[in-house]
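For reference, the structure discussed in these notes is given below.
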Amino acid sequence: MATKRPDGDYPYIGTTTWGERLADAVENTCADLGVVPPPRQAITEGLATALPDTEIRNLISTQRGKKVLKQTAHRLVQAGTDQVLLLMCDIHGAAAAPWHLNDRTVPAWSPPLPEANQRVEDLVAAEAALEEATKAAKSAEKEVEACRRAPGDESYAAQALAAATQKHQDALRRVTELEGRRQVLLAALGNRRPRPVVRSAEEAGEPKAALVMAEQPYAVALHLQRYAAESLERAGRTRGYDLVESLVDAGQLSKGMNVLQQWQITNSDGTVSKPWRLAAVTGNNRALARLEVFRVRPEHLVTGMPQSLVSLPKEKTDPGLLLLSLREILNRLSHRLNQDAAEPETLPTDPSLRAGRIATVSAEIVIGCSRPEALEHVLRTLNVNDHLRGIQPYEEDARLIALFATLVDSYARESALAAALAEAFPNARGVDFLDLADVRDALTANGPLDPLEPLVPAGEEVSPTVLRDIAVRAITALVFPEIPPENTPKSSRRTVRDTGRFWPIVRGALQESAWSQIRAKTAEARTRLWSAAVAQLFLHQGNILSALGFFGTKEVQKGAVQDPRPLRELFLGAEAGDPTAWAALVKRMAPALIHGPQPFITPGQGSEAGDGRKGVRRSPSSALAALTLAYTQNNVPNISRALLLAFTKAVLEHPDATQPPEAQDGTPLVCYGEQHWSEKDRTPITAGMVIAPDIEGRPTGYVADKAWFDEMFPVELGRPAPAGGDASTSMGTGNSAGAGDGGTSREEVRVDPRDQLDMLRQQLPARVELVEGSYQRAVDSAHTLMTDFEEARRLRAQLGEGRLPADQRIEWMEKLSKARDAARASVTSLDQVETLILQI
């Protein structure tokens with residue numbers, strides 16, 4: 001039986017007829033302005049269902065017989081080269097859900113890897129089983145208490161109590177087991193969750209101005225929405241005032257931007273629900289605080305509101321019924337609040353009285369854009385700019401990640417992103433084939449690393465490890481760009497240093513001082529930015545301060561000079577005995593040493609006053625220097641090049657591991673520093689951990705952790721002798737010098753000829769492979785040169801052009817003659833090597 005709606009401050013949502021009229025007005029207005037509208041279903045189910053019944057009428061007018069939006073109801077915003085059309089209106093205070101892509105909560109999300117998504121499903125199942133086991137344990141505990149107090153035969157009571165006690169112990173054991181399983185899954189996820197993936201919505205195969213989230217099981221969608229809300233609440237605790245009470249007392253004083261987004265949720269019966277909702281792009285904290293005032297959980301807006309929470313008077317409640325229609329949810333909520341507000345006995349703490357000032361709030365809603373495929377990036381950029389200009393406190397990691405996104409956008413805006421990457425990767429397969437929009441998403445961890453594949457050198461196998469290495473090198477090149485060498489002769493006249501094309505972009509984006517004013521403080525700030533940007537590429541994130549000391553003033557001023565050789569060539573070079581290759585390899589593996597389940601490099605620790613107070617002083621640069629110098633020292637105990645190479649290979653590959661490591665003999669692994677701990681206190685073994693190698697490079701029964709690293713590569717190993725040359729440990733050029741001269745506090749030991757022979761036999765296979773690769777590249781280059789000259793000859797004959805000047809042709813022929821003579825000489829050397837191979 002229908003009942004009359006009570007009047008009050010809380011609005012009711014209009015009918016579907018007005019929703020269709022609003023959709024007509026939005027589509028016609030977008031057509032007039034030349035922008036793409038959202039899907040029609042998104043307008044009728046996500047936008048019209050959030051507006052009060054009188055609001056739609058105030059937004060629409062009729063011109064030349066068609067519905068359009070009033071001029072005062074919309075505005076066009078220019079975001080770089082893109083345009084976004086915003087609808088200015090009043091929405092129901094409980095209509096918008098927080099956006100999970102908020103830049104303030106970026107550190108709480110990990111890259112959206114397939115294995116991480118599967119682990120979330122396993123985590124949700126483990127938490128559900130843990131909840132059931134906890135209930136069973138409490139029930140068993142009550143049964144034990146009942147048996148203790150029950151009168152009756154003594155023998156029967158004793159048997160019943162023993163059975164109940166055993167049942168309770170089994171239940172507690174099950175709870176402990178499931179809690180351990182939950183902790184293992186959390187550790188495998190890096191105690192974070194993979195960021196949900198969104199894409200532009202489509203209608204009739206065409207992209208539209210709305211977002212669609214990837215399909216998720218119901219339990220996973222519920223879990224992730226709760227996690228997003230908890231992360232947002234945690235980020236908002238640094239606010240200097242109570243936002244909830246501010247909204248209750250004064251209402252919402254500024255507008256927030258919202259976008260239409262669709263969730264795709266797979267239910268337990270196999271059906272898929274696809275609700276459209278408003279997602280708060282800016283003003284996420286306000287959207288969450290409003291829902292708290294209304295006592296509505298964010299996940300209820302997305303996965304469905306239980307009918308029992310918003311039941312109507314005299315309506316039979318059904319605990320299993322979920323309401324998906326936003327119109328019905330908001331109308332029921334307004335009905336209850338208006339009814340409660342009219343009751344004289346309603347307490348002041350009731351939502352019907354507290355939410356009066358936010359019954360409706362002003363908002364701007366995206367209803368059109370010029371490029372729908374770029375909508376997500378445009379909204380993220382607007383969100384970042386809004387926060388960077390704001391006065392609210394920013395978590396350090398989130399602020400630095402937002403600054404790096406701004407830096408990448410600055411490169412793209414100046415049309416310098418491709419040029420900077422081409423300069424950083426001279427041996428790339430094809431920089432011209434880069435999709436810069438996808439590259440930008442890959443470098444900011446908003447998309448997969450696959451778009452970086454054109455930067456992989458020819459002949460190098462494409463793998464997740466190689467792509468991550470390319471991403472780290474690209475980030476380094478963008479944050480520490482090289483500047484042209486100083487060619488101006490020194491004189492008494494004041495000159496302006498040419499800083500090149502890229503350094504001014506970095507300075508403008510990061511708002512730094514002039515090039516001549518760079519000091520150690522600037523280097524530290526830039527290093528933190530680099531560390532935060534690189535940390536996004538890893539599932540397990542260490543402390544971003546672990547990279548302090550990797551870069552100095554020299555790298556900030558003149559750029560971080562990187563070894564252009566690919567990982568495979570560096571590994572072969574280190575295996576062949578090249579100390580410069582090993583030094584470059586250590587720099588490449590440094591981020592993986594920081595970001596892992598068991599980090600090997602942590603922020604500076606210990607005491608400079610004395611080792612006895614807080615342990616031996618160990619800075620990040622000290623750990624890196626010790627690992628670098630361990631390669632060149634033959635008298636370091638328990639260290640061999642086989643161990644170093646095995647450890648390096650495992651460290652570089654560990655971020656891509658999907659299963660926990662296992663010992664070869666099947667025995668349980670234990671962290672090296674926890675081998676004397678009790679089993680219940682030990683860290684669970686999870687995917688991404690590295691098995692410690694022995695001196696022969698074979699895996700042991702221990703997991704390498706910081707205790708193993710510090711014992712294997714002590715602080716003393718990284719302290720060069722005073723006369724050992726450059727002691728710098730920066731990521732730029734210092735380590736190469738330290739590794740090359742090999743000066744340490746240890747005395748040089750004369751190498752035994754037998755040991756020298758064994759070392760050569762170990763190095764020569766790698767050297768043969770390096771020579772083979774060099775020759776193959778030379779052959780490919782010669783073939784490419786021939787085809788290019790053949791094409792030039794054909795085009796000259798076709799166009800009837802004249803010949804090149806004789807002096808230029810003679811110069812080219814002389815250079816090729818020298819190259820041919822060198823090739824012939826090398827063939828003679830290779831013939832001699834073949835003869836010597838038979839004599840080893």
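Counting from 1, the numbers follow the sequence of the chain as shown.
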Task: Sidechain N-carboxylate O distance under 4.0 Å for Lys142, Glu145 - done: no
Open item on the list: Restricting to non-hydrogen atoms, name the atom on Asn28 and the atom on Lys67 that form the minimum distance, rounded to 0.1 Å.
Closed with: ND2-O, 2.7 Å
Task: Arg40/Glu203 ion pair, N-O < 4.0 Å - done: no
Open item on the list: Does Lys274, at its NZ atom, have more than 12 non-hydrogen atoms belonging to other residues, nucleotides or ligands within less than 6.0 Å?
Closed with: no
Open item on the list: Checking Lys138 against Glu141 for the salt bridge (Lys or Arg N to Asp or Glu O under 4.0 Å) test, could you report, in this order, the C-alpha distance in whole Å, the side-chain angles of both residues, the deciding distance, and whether it holds?
Closed with: CA-CA 5 Å; Lys138 291 181 178 179; Glu141 184 179 6; over 6 Å; no
TODO: Give a yes-or-no answer on whether the side chains of Gln262 and Gln41 include a donor-acceptor pair shorter than 3.5 Å.
DONE: no
Task: Sidechain N-carboxylate O distance under 4.0 Å for Glu230, Arg193 - done: no
Task: Closest approach of Gly368 to Pro38 (non-hydrogen atoms, all atoms of both residues) - done: N-CD, 4.4 Å
Open item on the list: So does Asp249 get a backbone contact from the side chain of Arg357, meaning a donor-acceptor N/O pair under 3.5 Å?
Closed with: yes
- [ ] Kindly say whether Asp269 contributes a backbone atom to a donor-acceptor pair with the side chain of Asn267 at under 3.5 angstrom?
- [x] no
Task: Side chains of Asn338 and Ser334, donor plus acceptor under 3.5 Å - done: no
- [ ] Take Arg332 and Glu328 through the salt bridge (Lys or Arg N to Asp or Glu O under 4.0 Å) test and state the conclusion after the steps.
- [x] CA-CA 6 Å; Arg332 284 171 172 260; Glu328 184 174 2; 3.1 Å; yes
TODO: Measure from the side-chain N and O atoms of Glu115 to the backbone N and O of Gln659, and report whether any donor-acceptor pair falls under 3.5 Å.
DONE: no
TODO: Identify the heavy atoms of Pro348 and Leu353 that sit nearest to each other, and give their distance.
DONE: CA-CD1, 3.9 Å
TODO: Decide whether a cation-pi geometry holds between Arg290 and Phe294; the criteria are a distance under 6.0 Å from NZ or CZ to the six-membered ring centre and an angle within 45° of the ring axis.
DONE: no
Task: Shortest non-hydrogen separation from Leu379 to Leu211 and the atoms involved - done: CD1-CD1, 4.4 Å
Task: Closest heavy-atom pair and its distance - Ala235, Thr105 - done: CB-CG2, 4.4 Å
Open item on the list: Salt bridge check, Glu179 against Arg182: does any charged N sit closer than 4.0 Å to a carboxylate O?
Closed with: yes
Open item on the list: If only side-chain N and O atoms count, and only distance matters, is there a donor-acceptor pair under 3.5 Å linking His74 with Thr29?
Closed with: no
Open item on the list: Using only atom types and a distance under 3.5 Å, with no angle test, would you say the side chain of Glu299 pairs donor to acceptor with the backbone of His223?
Closed with: no
Open item on the list: Check this for me: Arg192, atom CZ, are more than 12 non-hydrogen atoms of other residues, nucleotides or ligands nearer than 6.0 Å?
Closed with: yes
TODO: Check whether any side-chain N or O of Thr282 sits under 3.5 Å from a backbone N or O of Met257 as a donor-acceptor pair, and report yes or no.
DONE: yes
Task: Ion pair Glu245/Arg354, N-O distance below 4.0 Å - done: yes
Open item on the list: Please give me the minimum heavy-atom distance between Leu243 and Arg286, naming the atom from each residue.
Closed with: CD2-N, 3.8 Å
Open item on the list: Please check: side-chain N/O of Tyr12 versus main-chain N/O of Pro52, any donor-acceptor pairing under 3.5 Å?
Closed with: no
Open item on the list: Just by distance, no angles: are the side chains of Asp170 and Gln166 close enough, under 3.5 Å, to form a donor-acceptor pair?
Closed with: yes
Open item on the list: Atom NZ of residue position Lys70 - does it have more than 12 heavy atoms of other residues, nucleotides or ligands inside 6.0 Å?
Closed with: yes
TODO: Using a strict cut-off of less than 4.0 Å between a Lys/Arg side-chain nitrogen and an Asp/Glu carboxylate oxygen, indicate whether Arg380 and Glu376 qualify as a salt bridge.
DONE: yes
Open item on the list: When you measure from the side chain of Asn284 to the backbone of Trp99, do you find a donor-acceptor pair of N or O atoms at a distance under 3.5 Å?
Closed with: yes
